[in-house]
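Everything numeric in this text was worked out from a predicted model, so none of it was measured. Throughout, a chain's letter reflects where its sequence line sits, starting with A, and its residues are numbered from 1.
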Amino acid sequence: MTETTVILALVVVTALGFDFTNGFHDTANAMATSIATGALRPKVAVALSGILNLIGAFLSVEVALTVSNAVVRIQNSDGTPKDSLTSDGGTALLLIVLAGLVGGIVWNLLTWLLGLPSSSSHALFGGLIGATIAGLGWAGVNWNGDGSKLDGVIGKVILPALMSPVIAGVVAAVGTWVIYKVTIGVAQRFTDNGFRWGQIGSASLVSLAHGTNDAQKTMGVITLALIATGDWTDTKNIPFWVKAACALAIALGTYLGGWRIIRTLGKGLVEIAPPQGMAAESASAAVILASSHLGFALSTTHVATGSILGSGVGKPGAQVRWRVAGRMVAAWLITLPSAAVVGAIMWYIGNLLGGGLAGAVVVFVLLLAAAGYMYWHSRKTPVDHNNVNDEWDEQPSPRVPAGTAS
Amino acid sequence: MHNLGFALEGAWKVLAASLILGAGLPALFALGIRSLAWGAGGDAEVHETGVTGPRPRPIGNVVGWILFAVVVLGVLLGITFIVASGFGKALSFEHIFPTIVDK
């Protein structure tokens with residue numbers, strides 16, 4: 001077992017770890033509304049979402065190897081890593097990928113601790129961008145594309161992030177408004193029971209789409225690492241074990257459920273009634289599917305949040321907690337730069353220790369320490385399937401973040 | 001800022017498609033529920049107090065379930081789309097009727 005193999009193993013484990021955080025960070029996108037309205041019991045909702053994510057991940061056989069190409073220049077256009085990064089057996093590339101993944105995971109865990117639904121894709125891209133800037137300089141990042149298509153950090157990450165929540169919000173608001181107009185005068189037992197099924201159906205669609213979209217990214221990153229070390233050469237396919245491992249990781253993460261984020265999205269923004277829940281999830285599903293059809297990359301988190309806000313705007317007399325929304329938007333704005341800073345710091349630490357095995361191990365240990373600390377911190381104010389639907393406390397005490405108020 | 005142009009171009013298409021699917025289908029679903037309630041008669045719809053509600057109207061049930069079927073078809077189309085793009089295929093709306101084609 002060579003040194004490179006050990007580093008590769010660390011990268012694979014870290015990538016699966018990221019996939020896992022991606023899963024529980026995003027359970028809320030699909031299931032927060034169904035849990036909040038009581039359409040599904042919390043445990044049933046996360047189990048359903050987990051299974052659909054698993055199925056979705058297996059359905060995504062499309063090669064996602066070039067996923068990082070939109071933002072960083074560490075690969076050639078056919079998906080193989082740049083020669084300059086593999087000349088030393090691939091460790092240069094592995095270190096960038098490892099540092100980037102750590103940046104993504106740390107930010108995902110921190111926002112989970114605060115109960116903020118931030119974008120996992122932004123965290124991953126941010127981490128990779130930061131590690132690339134540290135490793136290759138500013139020119140290593142594909143900021144603006146080459147002008148021929150929507151590309152680069154601006155085109156693939158920032159612009160969609162600005163537009164997608166607005167689009168989803170408009171669609172959900174229109175949907176909610178129409179639904180309430182149409183069902184005026186119908187007895188509530190009729191509407192609630194009917195929309196309960198509509199909600200479950202639309203939320204399932206969001207879960208499935210999430211599995212196909214998000215698991216792919218990790219599959220691409222792992223395969224890239226395998227190619228860098230020469231353990232895999234086929235750029236048209238992904239090893240089956242990679243696909244299976246990623247699918248399982250995201251499904252397990254989803255099943256675990258990011259209860260803090262589910263609580264914020266389901267109870268914090270808007271008091272959701274079944275018709276709103278269905279309008280919000282339908283809008284999310286439609287926007288996610290329509291944009292991937294048109295090659296418009298976006299974050300499921302931004303879409304889901306926009307939809308839920310929209311469902312609050314569209315219901316006459318509903319209350320929207322704009323303060324909570326403001327906190328979320330602030331988290332979105334700093335997600336990419338923050339993950340980038342962590343990614344860059346991790347790369348410097350790894351590089352300082354020689355950029356080889358020692359550096360990779362230290363970076364990995366730092367990740368474990370940070371993750372352990374945040375998990376321990378979360379136990380002080382646990383949020384789980386028992387208290388996820390408790391009344392939202394409008395004035396959280398200053399020290400405890402809103403997402404964890406009991 | 002060529003990217004802004006591309007993004008705006010994509011954005012209005014996404015908005016149009018999502019309004020049809022994401023707000024249109026739920027609206028049909030709501031109509032279906034309204035239709036079922038109308039069909040059920042009695043207390044399913046709000047009516048003057050002190051009077052018994054209208055008699056059941058079977059046609060309402062039929063219309064309601066037809067509307068639900070349309071919604072389910074729309075959802076199936078969505079699932080087909082996810083699966084097809086996973087296998088390197090795409091849905092084409094060239095002939096109005098959706099067909100699965102190679103990407």
- Is it the side chain or the backbone of Y180(A) that comes within 4.5 Å of chain B heavy atoms, both, or neither? neither
- Message: Can you tell me which portion of V178(A) sits under 4.5 Å from chain B's heavy atoms? Options are side chain, backbone, both or neither.
- Response: side chain
- Message: With a 4.5 angstrom heavy-atom cut-off, is it the side chain or the backbone of I20(B) that approaches chain A, or both, or neither?
- Response: neither
- Item | Top of G201(A), A286(A), S307(A) for chain B proximity - count of heavy-atom pairs under 4.5 angstrom | A286(A)
- With chain B, which of A168(A), G194(A), G175(A) has the greatest number of heavy-atom pairs at distances under 4.5 Å? G194(A)
- Note on the structure: Highest number of heavy-atom pairs under 4.5 Å with chain A among G24(B), A30(B), G32(B), A27(B) belongs to A30(B)
- Heavy atoms only, distances under 4.5 angstrom: which of A16(B), A23(B), S18(B) has the most pairs with chain A? Name it, please. S18(B)
- Query: Shortest non-hydrogen contact from L15(B) to V170(A)?
  - Reply: CD1-CG1, 4.2 Å
- Item | Shortest non-hydrogen contact from V186(A) toward A37(B) | CG1-CB, 3.5 Å
- Item | R34(B) (side chain) donor-acceptor with T191(A) (main chain) under 3.5 angstrom | no
- Query: To the nearest 0.5 Å, what is the distance between CH2 (W12(B)) and CE (M163(A))?
  - Reply: 14.0 Å
- Using a cut-off of 6.0 Å, state whether more than 12 heavy atoms not belonging to W177(A) lie near its atom CH2. no
